[in-house]
Amino acid sequence: MSGPLKFRVKHLYKTLLHLGKDYPKGYEFFRSRLHASFLRHKDVEDPAEVEALIAKGEYVVKELEALYMLRKYRTLKKRYYDS
């Protein structure tokens with residue numbers, strides 16, 4: 001794997017680890033699943049396939065951010081409005 005791709009993979013891993021701190025099932029659950037996923041794809045050498053996996057990981061980042069924003073919105077709504 002070339003230098004820029006390696007950097008992007010490491011950055012994606014660190015970003016996902018950071019987002020996993022607020023995961024509903026707990027950080028350890030998220031970290032173990034993330035680690036297993038990255039280990040499962042460690043032997044991928046084709047740059048196009050690595051790009052596809054990075055794109056999939058970035059999609060997961062966006063989904064997690066949306067999940068956390070929705071949880072925050074629901075908490076604020078519950079706090080200020082009677083439901």
Side-chain angles (χ1 to χ4, degrees):
M1 186 171 7
S2 66
L5 283 179
K6 197 173 210 178
F7 173 77
R8 288 181 59 202
V9 169
K10 285 182 180 181
H11 181 70
L12 178 64
Y13 186 78
K14 288 179 184 180
T15 302
L16 285 167
L17 269 181
H18 179 70
L19 287 173
K21 291 179 183 176
D22 295 328
Y23 195 70
K25 289 189 176 182
Y27 177 70
E28 275 306 311
F29 174 82
F30 186 86
R31 193 193 75 69
S32 64
R33 298 281 302 260
L34 178 66
H35 187 72
S37 177
F38 272 75
L39 280 180
R40 189 170 47 247
H41 299 293
K42 73 177 182 173
D43 296 326
V44 175
E45 292 291 328
D46 182 31
E49 197 172 342
V50 172
E51 284 288 341
L53 290 170
I54 290 173
K56 190 175 182 180
E58 289 171 349
Y59 175 78
V60 170
V61 167
K62 289 178 185 176
E63 287 294 315
L64 283 172
E65 288 173 345
L67 173 77
Y68 297 155
M69 286 183 195
L70 182 62
R71 185 173 67 184
K72 183 178 178 182
Y73 170 76
R74 285 180 177 163
T75 302
L76 288 173
K77 186 177 176 186
K78 207 182 304 182
R79 189 175 295 161
Y80 292 110
Y81 298 105
D82 291 329
S83 298

Identify the heavy atoms of G20 and F30 that sit nearest to each other, and give their distance.
CA-CD2, 3.3 Å
Let's go through E51 and L5 carefully: what are the C-alpha distance in whole Å and the side-chain angles of both, what is the deciding distance for side chain to side chain contact (heavy atoms under 4.5 Å, CB included) to 0.1 Å, and is it a yes or a no?
CA-CA 8 Å; E51 284 288 341; L5 283 179; 3.1 Å; yes
Verify side chain to side chain contact (heavy atoms under 4.5 Å, CB included) between H18 and T15, making sure each step is shown before the conclusion.
CA-CA 5 Å; H18 179 70; T15 302; 5.8 Å; no
Can you tell me which residue pairs pass the salt bridge (Lys or Arg N to Asp or Glu O under 4.0 Å) test with a partner in residues 55-68, sequence neighbours excluded?
R8-E58
I'd like to know whether CZ of F7 has more than 12 heavy-atom contacts from other residues, nucleotides or ligands below 6.0 angstrom.
no
Nearest non-hydrogen partners of V9 and F38, listed with the distance
CG1-CE2, 3.8 Å
Y68 vs Y23 side-chain heavy atoms within contact, under 4.5 Å:
yes
Atom pair OH/CZ of Y13 and R31 - distance to nearest 0.5 Å
6.0 Å
Given the rule in the side chain to side chain contact (heavy atoms under 4.5 Å, CB included) test, do L64 and L16 qualify, once you have shown the distances and angles that lead to the verdict?
CA-CA 9 Å; L64 283 172; L16 285 167; 4.0 Å; yes
Output yes when a side-chain donor or acceptor of T75 lies under 3.5 Å from a complementary backbone atom of R71, and no otherwise.
yes
If you count heavy atoms of other groups shown closer than 6.0 angstrom to NE2 of H41, is the number above 12?
yes
Please check if the side chain of Y81 supplies one atom and the backbone of L76 the other of a donor-acceptor pair under 3.5 Å.
no
Give a yes or no answer on whether the side chain of Y27 reaches the backbone of L17 with a donor-acceptor pair at less than 3.5 Å.
no
